[in-house]
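Below you'll find the structure, written out as structure tokens, and then a few comments.
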Amino acid sequence: MTTSAAFSAGRLVASGRFIRNHWASCRNPHARVSRLFSSQGDLPQPRSVDELLQLHPPEPFSQPQSSQERAEFAALNQRYKADLAIFKRSGAINMNLIMPTWKTVTGGTRVRSRQGGLLIEFARGTGERTYDWENKKTFAMSPVELATLLDEPTKPHEFIHDPNINASSRGSIIKVFQCTMAERGLFFKLRVKERDSTEEWSISIPVSNGEYKLFQIISAYTLPYLMGFDQVVNQK
């Protein structure tokens, strides 16, 4: 056998071995999820929103305040639309990017006035492939929160938001987002407590291994854009 033929035969054997190994790893994704999360142990028992507030004070994620900020925010988020949707029997999730807003200071320099984020919308299932989007609840994840999920993807996480933290109605609405792990997969959960309501709104959506991987890829790719660094790097 010539040197060229031997080299080609070796590549074929190596390629065949890679394909067999790759196919074997893909045949049972649920087993991989089970092995991945089985070492996490039993999850802690659910806690009330009041207990969570004492452990983790909410971080501000304010809405645009001035008319200029609101106009820029609307313009940035109306140019293009792309979302990541997850539909399950218990409910649905829809994710959209919130781009950063800018303001012009003395000298003509534009500085970031508000960082972007990932807006996650939750809707309960009302029937076969139908969802109650009119009464949806939202949670805007900040870049730091997204980076935290990326840094420790196999650990449970919870984030607490007070949408009115900088207003006189502070504490009137508390939102708790949780990413929990289990042997059968993982779940995105949202709990909303309103001061004027005696009941707590909650939902838990199962997320598949592939859906979570896609969520991670999109989050990692968009983080510099949510912080506005693409504008700084690409400025003329």
Side-chain angles (χ1 to χ4, degrees), residues 43-78 83 91-105 111-124 132-152 155-180 187-205 215 219 222-223 225-228:
L43 294 174
Q45 294 298 318
R47 291 170 289 182
S48 67
V49 171
D50 293 332
E51 291 175 324
L52 290 173
L53 282 173
Q54 296 177 2
L55 294 173
H56 309 288
E59 297 183 3
F61 196 93
S62 60
Q63 296 294 326
Q65 300 298 324
S66 67
S67 58
Q68 179 182 353
E69 287 183 343
R70 288 195 294 269
E72 292 181 350
F73 176 81
L76 284 171
N77 288 278
Q78 288 179 357
D83 55 26
I93 298 174
N94 194 56
M95 306 181 196
N96 295 278
L97 293 179
I98 303 174
M99 302 308 295
T101 56
W102 305 82
K103 65 180 179 180
T104 303
V105 297
V111 298
R112 191 190 69 200
S113 58
R114 180 179 182 273
Q115 67 181 10
L118 181 68
L119 183 66
I120 307 180
E121 301 173 323
F122 292 81
R124 286 174 171 167
D132 185 15
W133 290 110
E134 291 185 359
N135 296 306
K136 67 184 179 182
K137 303 295 182 181
T138 62
F139 192 91
M141 295 196 70
S142 69
V144 171
E145 291 168 338
L146 290 172
T148 301
L149 286 177
L150 293 172
D151 183 52
E152 299 178 318
K155 292 185 178 181
H157 296 276
E158 59 186 20
F159 305 107
I160 303 176
H161 283 188
D162 181 349
N164 305 308
I165 194 170
N166 295 320
S168 59
S169 56
R170 176 176 181 173
S172 59
I173 300 176
I174 299 298
K175 300 180 180 183
V176 180
F177 173 86
Q178 295 173 309
C179 178
T180 61
F187 295 84
F188 280 177
K189 300 181 179 181
L190 181 66
R191 298 160 60 190
V192 180
K193 182 179 180 181
E194 299 184 13
R195 181 186 297 166
D196 299 332
S197 177
T198 58
E199 297 183 358
E200 181 180 290
W201 192 96
S202 64
I203 191 172
S204 179
I205 306 293
F215 167 81
S219 298
T222 58
L223 278 177
Y225 297 88
L226 299 179
M227 299 292 293

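Keep in mind that what you see is a predicted model, and the values were worked out from it rather than measured.
Partner of Leu118 under the side chain to side chain contact (heavy atoms under 4.5 Å, CB included) criterion, chosen from Leu223, Thr222, Leu97, Ile98: Leu97. In summary, of the residues considered (Arg191, Lys175, Lys193), a salt bridge (charged side-chain N to carboxylate O under 4.0 Å, His left out) with Glu200 occurs for Arg191 alone.
Contact record, Ser204 with Phe187: OG-CD2, 3.5 Å, taken as the closest heavy-atom pair. Across Ile203 and Gly91, no two heavy atoms sit closer than the pair CD1-CA, 4.3 Å. In plain terms, the two heavy atoms of Ala92 and Trp133 that are nearest each other are CB-CZ2, 3.7 Å. Here the closest heavy-atom approach between residue Leu226 and residue Pro143 is recorded as CB-CG, 4.1 Å. The two residues Phe188 and Cys179 have their closest heavy-atom pair at CE2-SG, 3.7 Å. Nearest approach of Met141 to Leu146, heavy atoms of both residues: SD-CD2, 4.0 Å.
Here the side chain of Ser172 pairs no donor or acceptor atom with the backbone of Arg195 at under 3.5 angstrom. Within the 3.5 Å criterion, the main-chain N or O of Gly171 finds a donor-acceptor partner in the side chain of Asp162. Between the His161 side chain and the Phe177 main chain, no donor and acceptor come within less than 3.5 Å of each other. Judged by distance alone, with hydrogens and angles left aside, the side-chain atoms of Lys189 form no donor-acceptor pair with the main-chain N or O of Ser202 at under 3.5 Å.
Atom CD of Gln178 sits about 9.0 Å away from atom CG of Leu190, to the nearest 0.5 Å. Going from atom CG of Asp132 over to atom NZ of Lys137 covers 10.0 Å, rounded to the nearest 0.5 Å. How far CZ of Arg124 is from CH2 of Trp201: 5.5 Å, rounded to the nearest 0.5 Å. For the atom pair CG of Asn164 and CD1 of Ile174, the computed distance is 8.5 Å after rounding to the nearest 0.5 Å. Interatomic distance, Met95 CE to Phe139 CZ, rounded to the nearest 0.5 Å: 12.5 Å. To the nearest 0.5 Å, atom CD of residue Glu121 and atom CG of residue Asp83 are 8.5 Å apart.
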Test side-chain contact (heavy atoms from CB on, under 4.5 Å) applied to Ser219 and Leu150, step by step: CA-CA 8 Å; Ser219 298; Leu150 293 172; 4.2 Å; yes
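For the pair Val144/Phe159, no side-chain contact is recorded, criterion being any heavy-atom separation below 4.5 Å from C-beta on.
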